[in-house]
Amino acid sequence: MRGETCVAIATFFSFVSVILLIFAHVSQINTAAVPKKLHLVQVNVTNYGVALNAATGVTSPGLYTDNASVPLAHELGLRNIYSWGLYGYCAYINDTAGQCGNSTFANGFRPMDVLLSDTPEAYSIQTRTLVPNATAFKNSSYLAGLTKPAFWLIFVATLCAAGALFIGIVKNKWTFIISSFLSIVGTIFLLIGASIYTAAIDKAKTVNQAVVRGSVPLGIEVSAGSGLYLIWAAFVTLLLSTAPYTISCWAFLKR
């Protein structure tokens, strides 16, 4: 009975892990109710206009757009909120109105490039100047270089978790060996992938402390989101499945 009990426990934890990862994968794929609420990282530029005005001494009409339907990446105006998922990003003028860019497999986190693609040409040079070179936020290639490998690790880990779940349902010593192996590999990949993504976001957060004119906050704020926490939770639950899978394997091998 110990083997069957361990199988049930392992199946439960791997099932929870797969569900959590599915939610992480759908973050920001569109503006529907669930994906819209989930994101790995968010960039809030609501107060950037204040910093730009303080730095230039004049107002900046047209910096933002209040029309959620205008195309992204055409220098037609910033949105207030930019949220990234594993496959792309969405931009919002408020809590309800926004649109998403094209979804891309192994999408990288390129915050500066995205902001500049929406910034009207009249304010592009000022924006490039105001964001400090010392912040990783400005180096989109660097951040994308971190987050693209992280995506692949998380993607493969998702396949491992799903494989462990479905293969482990079959009661056989070989299926338990495979499930145990997949859960261990998936756990390691999730740990590394989530750690890289977390590190990339922490590096991008250095822009939060940037100021202009000595004391005026730059108004660009980076924060981690629920999608990243889901990946970490999936890591924990998949880790909890590894021991029961291994015990099940040994239990059936001794029969």
Verdict with supporting geometry, L63 and L52, side-chain contact (heavy atoms from CB on, under 4.5 Å): CA-CA 10 Å; L63 176 64; L52 182 59; 3.8 Å; yes

Stepwise ring-ring contact (aromatic ring centres under 6.0 Å, His included) test for Y87 and H25: CA-CA 8 Å; Y87 298 93; H25 277 279; 5.7 Å; yes

Counterpart residues, disulfide (SG to SG under 2.5 Å), relative to C160 (two or more places apart): none

Intermediate values then yes/no, side-chain contact (heavy atoms from CB on, under 4.5 Å), V114 and W84: CA-CA 11 Å; V114 168; W84 274 261; 3.6 Å; yes

Return yes if some donor-acceptor pair links the side-chain N/O of [X] with the main-chain N/O of [Y] below 3.5 Å, else return no.
{"X": "Q99", "Y": "A68", "answer": "yes"}
{"X": "S241", "Y": "A10", "answer": "no"}
{"X": "T59", "Y": "P61", "answer": "no"}

With F235, the side chain to side chain contact (heavy atoms under 4.5 Å, CB included) member among L240, L230, L190: L190

Does [X] have more than 12 heavy atoms from other residues, nucleotides or ligands lying within 6.0 Å of its [atom1]?
{"X": "D95", "atom1": "CG", "result": "no"}
{"X": "Y82", "atom1": "OH", "result": "yes"}
{"X": "Y64", "atom1": "OH", "result": "yes"}
{"X": "D66", "atom1": "CG", "result": "no"}
{"X": "K205", "atom1": "NZ", "result": "yes"}

Between side-chain atoms of residues 145-156 and protein atoms elsewhere (two or more places apart, or another chain), which donor-acceptor pairs fall under 3.5 Å?
unit_1: T147; atom_1: OG1; unit_2: F109; atom_2: N; d: 2.9
unit_1: T147; atom_1: OG1; unit_2: L143; atom_2: O; d: 2.9

Audit row: Q42, I81, side-chain contact (heavy atoms from CB on, under 4.5 Å) steps and yes/no: CA-CA 7 Å; Q42 186 175 86; I81 303 291; 3.5 Å; yes

S103 side, atom OG; I29 side, atom CD1 - distance, nearest 0.5 Å: 6.5 Å

Test log, rule side-chain contact (heavy atoms from CB on, under 4.5 Å), inputs K36 and Y92: CA-CA 10 Å; K36 181 171 66 176; Y92 304 90; 3.4 Å; yes

Partners passing side chain to side chain contact (heavy atoms under 4.5 Å, CB included) against E75 (at least two apart in sequence or in another chain): E121

Between T65 and N67, a side-chain donor and acceptor under 3.5 Å: no

